[in-house]
Asks: 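Have a look at this one before I ask anything.
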Amino acid sequence: MAPMSASRIVPILLLGLLAFAALVHGLMGRKNQALDGVIVQDVSTYEFYPNAKDCNYRGTPYVLLPNERFREVVAISTDVEHIDRLLHGTWRASLKRQPLPCGVA
């Protein structure tokens, strides 16, 4: 078997580098993407279902990690008769963030 010459190795390396750059660019996601959907609270977990319009949400949800601003916007109030509202809730929402490719918004 003949050794590979530099004239063959360089194009192969450049092609590999180009493929790697395309892969990284594709995994970055879109910037300033607006997602409309439903936020579902189940005890202390918040999940966002994109493109959901009502309570029939399906598909893979994004897990939300709420910060203080989220808690200001989504105020939860209840009375003694409806104490379960503190643990379960559903809201329609429009998120204007860049979701991470691993499924976290």
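What you see below is based on every heavy atom in this structure, not just the backbone, and it leaves out hydrogens, waters and symmetry mates.
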Asks: State, to 0.1 Å, how close His88 and Asp42 come at their nearest heavy-atom pair, and which atoms those are.
Replies: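 Scanning both residues, the minimum pair turns out to be CE1-OD1, 2.8 Å.
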
Asks: Let me confirm one number: the CD1-CG distance from Ile12 to Leu15, rounded to the nearest 0.5 Å.
Replies: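 It comes to 8.5 Å.
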
Asks: Are any of the side-chain heavy atoms of Phe48 and Trp91 separated by less than 4.5 Å?
Replies: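 When only atoms from C-beta onward are counted, Trp91 and Phe48 do not touch, as no gap falls below 4.5 Å.
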
Asks: Got a second to check how far Leu65's CG is from Thr45's OG1, nearest 0.5 Å?
Replies: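 Going from CG on Leu65 over to OG1 on Thr45, the span is 10.0 Å.
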
Asks: Which atoms form the tightest heavy-atom contact between Pro50 and Tyr62, and what is the distance?
Replies: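 Scanning both residues, the minimum pair turns out to be CG-CE1, 3.6 Å.
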
Asks: Could you go step by step and tell me if Asp36 and Asn51 meet the side chain to side chain contact (heavy atoms under 4.5 Å, CB included) rule?
Replies: CA-CA 6 Å; Asp36 293 323; Asn51 301 322; 5.7 Å; no

Asks: Please tell me if the side chains of Tyr49 and Val40 come closer than 4.5 Å, counting only heavy atoms from C-beta onward.
Replies: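 Tyr49 vs Val40: side chains touch.
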
Asks: Could you tell me whether the side chain of Val38 reaches within less than 4.5 Å of the side chain of Thr90, counting heavy atoms only?
Replies: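 Counting from C-beta outward, Thr90 and Val38 do come under 4.5 Å.
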
Asks: What is the distance from atom CG of Leu13 to atom CZ of Arg8, rounded to the nearest 0.5 Å?
Replies: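 It is 13.5 Å, given to the nearest 0.5 Å.
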
Asks: Are any of the side-chain heavy atoms of Leu14 and Val10 separated by less than 4.5 Å?
Replies: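 Counting from C-beta outward, Leu14 and Val10 do come under 4.5 Å.
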
